[in-house]
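Down below is the structure, laid out as structure tokens.
Computed from a prediction, not measured in an experiment: that's the story for all the values here. Scope of the values below: all heavy atoms of this structure, side chains included, with no hydrogens, waters or symmetry mates. Lettering of chains follows the sequences in order, A, B, ..., and the numbering in each one begins at 1.
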Amino acid sequence: MKYRLVQVLLCLPLLFLGLGGCAALRKKPEVKKPPEVRLERVLLERALEYERRGQSLNALQHYEAALAVIVAKKKGLEDSLRRDAEKRYHKGIEYYEQGKYSDARREFLAALRLKPDFPEVVELLKPVPPPPFGQYVVHEVREGEYLAAIAEKYYGDKSKFEIIARVNGLEDATKLYTGMKLIIPKIKGMVLSDLEEEPSSEVPLEEETIYAAKPEDEEESGEEPSSASEQEMGYDPVAIYQEQGVTLLEEGQYLAALHEFQKVLNTDPSRKKVQEYMAWAHYRQGEVFFNRADYLKARDHFYEALRYDKEWAACKEYVIRAEDAYKEVHYLKGIEYFEEERLEDAIEQWQLVSKVDPNYKQVQNYLLRAQKLFEKIRELKEAP
Amino acid sequence: MRFSTEEHSWSRKQARVAGRIAAFMLALLFLWLSPEWASSFRQEDKHHLIPEKGGALFQSETVAVYVVKKGDRLADLARRFYGDADKVWMIEEANQLQAFEPGQVLVIPLRPVNPGGLFADGYQVVSILTYHHFSKNCSNRLCMPVDEFARQMGFLKKEGYRAVNMKDLLKFIDYQEPLPRKTVAITIDDGYRSVYDLAYPLLKKYDFTATLFIYTDFIDNSPNALTWEQLRELAHAGFEIEAHTITHADLTLKRKDESQAKYLQRIERELQVPRELIRKNVGQDPLWLAYPYGRWNNLVVSMALKAGYRGGVTVTRGVTPFFVNPFKVGRNQVMNPVAGGSFERLVKFFRGVNLQ
């Protein structure tokens, strides 16, 4: 037993040695680089030394030499950057022509990193808008099908795959998946009627122009898959206005709430729930104006509320009450002014009533009388 | 006569001496001036660094070398070299500055070096943040609680972010001017009054500005809306006012029983009128359009281009590299309630890609 232990203990250093050796082997043997001679530094230091010692001409000579090295090194670096940039640029064009747009973009970016002043690359990095198109066919990709073949099928020209790639916003035209739906826009020289005879999975020609395109269609015809789903946005850009409207409604800020609900109805005028909110906000705002004795504004809001619910009895009653109150208030105000001999003010009040209801009580009679009186007084005043 | 000739010759001799002295003086003057001359000649030579008087500065066409003196301030240097104290970051980034002290040698780029923000391991991106309404108490997603907004702005400041307006971003997208490496754009939609009452004081505190996308029917027209007067004040404080249509209409939506011609006419108005109103009332020229509800299509984009817009922003999440499509620029709406860490995830400034 003891012997065993000694054996193991003896073996351990050997094992370590072995492992160490392996690790050393696995490590790349370090190539001893010759110490890099920084020519420019050596020359510059000499120049400075000469200058310090007052040997100006020698200093000058060494400055000149250092400069020559620096200029050459700078030019060498510039040349190599330019060469590499050109290489990446050409590689990018190669990818681009193959329809590998995201690979091409990476190459262009790499080229631009090496050579920031590279207008051709900047131009190529700009997004290309998809060609405008009217009619199109929807093609479902079958197993093993590739884009050039699809282009040949529809356009009789393999190289026209780029049109399909652009319109469908493909990042890589060489990567299609089975069942993927592609829009094949109608282009000049393409005879769509020929295609309809073929028994295939194509949906028949859709009479859709981009001018009539709805936002949903944009999901298919957009350049990138940027058609925002709620998840991508993290929220529904319409629903948030509805929420804000409800908050304002609860806080009693009816006018502000109306602005929010209107935004929702701007996208979909038929939303029932929001219509109800709209009606309710108008109704409550009507009450606010009614209680402030601002009867005409109150009436207008009740009218608006009725647009959403024509059978709203309480609302109808409010319309009548608001109008009556309006007429009565101004009718009585008119009488008051008349008695105070403020003819002009009285006329103004009665005219307000008359505008809403010409047959209200004695308003026409009163108006006529007041106007005649007013005329007479003016004549008397003007007479010498 | 003789005397007089003698006198004459004497005076001639005197003149000769005087002439010599003058020539000598001239030569001295020339010698004294010559370094100035020489340097002014060399100024034409664009590849050399030229010592400026005082020895603190050397300058070529693309770069300047500056040795920091006692009492120097970075903002003053930025003003001196770029005419803009806000460009301090150009000096900071070019020198990877940690400290700023006398004797330090600074290389000051006089031309944008890397306008696209491209690096071996990726490229620069800008996060455009979006807000709408602010309140002390919020009960829905549209509304941002003021305390939370303050925390977010504090985070941006602490992390060294700079806030740019959308027009600065346009120059970045055009590959014309670089942006600070850590950049965000703060945008606020619609024109709620709470922007002025609650967000503005906070932004001012952190020395940030924002871009407001307003729909003009709302302005001056609701107790909850901003007024033109307030917008002018914000514009004066460095905020940018951009367009969000007249009525906040869904531009992609043709109304029922609306003819195609009427629809196009309506959209044209929705796009043009806000530009005119903002120009008239605020004195800024809007170049950006925020599509209401983030909804756009090719028709809307082409009409926006025609109306003079240079870009359009959506509500799709995403960050913006310089090679973005300017009419499909995504934004990151900050939603209430803000889950822990979610804001921090929205602000990114770099996208890793191997560009080696």
Side-chain angles (χ1 to χ4, degrees), chain A residues 67 71 88 105-114 116 119 122 125-127 129-130 132 210-215 217-218 221-224 226-229 231-248 250-251 253 255-256 258-260 262-263 266-269, chain B residues 47 112-116 118-120 123 132-133 138-143 175 190 218 221-225 247-250 252-256 260 263-264 292-299 301-302 314-318 321-328 330 332-333 335 342 353-356:
Chain A
L67 204 60
V71 167
R88 304 303 288 266
R105 192 173 62 198
R106 195 195 53 236
E107 294 302 314
F108 292 148
L109 288 175
L112 205 57
R113 178 179 81 85
L114 299 166
V122 173
L125 278 166
K126 279 185 187 153
I210 67 153
Y211 290 115
K214 288 181 222 117
D217 298 328
E218 217 38 57
S221 61
E223 231 177 273
E224 305 149 26
S226 70
S227 50
S229 68
Q231 202 176 12
E232 276 173 69
M233 293 184 280
Y235 71 109
D236 172 353
V238 180
I240 54 168
Y241 291 120
Q242 185 169 333
E243 289 175 22
Q244 172 69 3
V246 170
T247 302
L248 292 167
E250 283 165 357
E251 287 171 1
Q253 300 192 53
L255 282 176
L258 285 168
H259 279 281
E260 304 304 324
Q262 188 55 53
K263 277 189 249 179
N266 278 352
T267 67
D268 181 6
Chain B
H47 302 285
V113 185
N114 183 6
L118 296 167
F119 301 88
Y123 51 81
H132 285 84
H133 174 53
C138 286
S139 57
N140 66 63
R141 290 183 292 171
L142 186 86
C143 174
Y175 197 67
D190 293 359
F218 190 43
N221 197 24
S222 161
N224 273 24
T247 66
H248 206 285
D250 181 344
T252 64
L253 211 63
K254 189 159 84 80
R255 285 178 188 154
K256 271 183 202 163
Q260 184 68 19
Y263 165 62
L264 292 180
Y293 322 98
R295 290 183 181 169
W296 55 270
N297 59 21
N298 290 335
L299 172 68
V301 169
S302 66
T314 71
V315 293
T316 312
R317 287 203 188 286
F322 82 90
F323 52 88
V324 73
N325 183 335
F327 279 92
K328 292 175 196 172
N332 299 314
Q333 160 87 15
M335 271 309 188
S342 66
V353 178
N354 185 10
L355 299 179
Q356 192 74 56

Q. Taking only residues two or more places apart in sequence or in another chain, which ones pass salt bridge (Lys or Arg N to Asp or Glu O under 4.0 Å) with A/Arg113?
A. none
Q.
So for B/Ala120, is it side chain, backbone, both, or neither that comes closer than 4.5 Å to the heavy atoms of chain A?
A. both
Q. With a 4.5 angstrom heavy-atom cut-off, which part of A/Glu107 approaches chain B: side chain, backbone, both or neither?
A. neither
Q) If you draw the axis of the six-membered ring of B/Phe218, does the NZ or CZ of A/Lys263 fall within 45° of it and under 6.0 Å from the ring centre? A) yes
Q) With no hydrogens and no angle check, is any side-chain donor or acceptor of B/Arg141 less than 3.5 Å from a backbone partner on A/Ala239? A) no
Q. Which residue, B/Asn140, B/Asn224, B/Asp190, forms the side chain to side chain donor-acceptor pair (under 3.5 Å) with A/Gln244?
A. B/Asn140
Q.
Given heavy-atom pairs under 4.5 angstrom as the criterion, report whether the side chain, backbone, both or neither of B/Asn221 touches chain A.
A. both
**Q.** Contacting moiety of A/Gln253, where chain B heavy atoms sit under 4.5 Å
**A.** side chain
(Q) Can you tell me which portion of B/Val113 sits under 4.5 Å from chain A's heavy atoms? Options are side chain, backbone, both or neither. (A) backbone
Q | Side chain / backbone / both / neither for A/Leu248 at chain B, heavy atoms under 4.5 Å | A | side chain
**Q.** Residue pair B/Gln333 / B/Arg317: nearest heavy atoms and the distance that separates them
**A.** O-NH1, 3.0 Å
Q.
Using ring centroids (six-membered ring only for Trp), state whether A/Tyr241 and A/His259 fall under 6.0 Å.
A. no
Q | Top of A/Leu114, A/Val238, A/Asn266 for chain B proximity - count of heavy-atom pairs under 4.5 angstrom | A | A/Asn266
Q: Could you tell me which residues satisfy side chain to side chain donor-acceptor pair (under 3.5 Å) with B/Ser139, sequence neighbours excluded, listed by chain and number?
A: A/Thr247
Q.
For B/Phe323, which atoms come within 4.5 Å of any heavy atom of chain A: side chain, backbone, both, or neither?
A. both
**Q.** Proximity breakdown for A/Val122 and chain B, heavy-atom pairs closer than 4.5 Å
**A.** side chain
Q) Among A/Val246, A/Leu125, A/Leu255, A/Thr267, which has the most heavy-atom pairs under 4.5 Å with chain B? A) A/Thr267
(Q) Which atoms of B/Phe327 are under 4.5 Å from chain A, going by heavy atoms: the side chain, the backbone, both sets, or neither? (A) neither
Q.
Which heavy atom of B/Ala249 sits nearest to which heavy atom of B/Tyr293, and what is that distance?
A. C-CE1, 4.1 Å
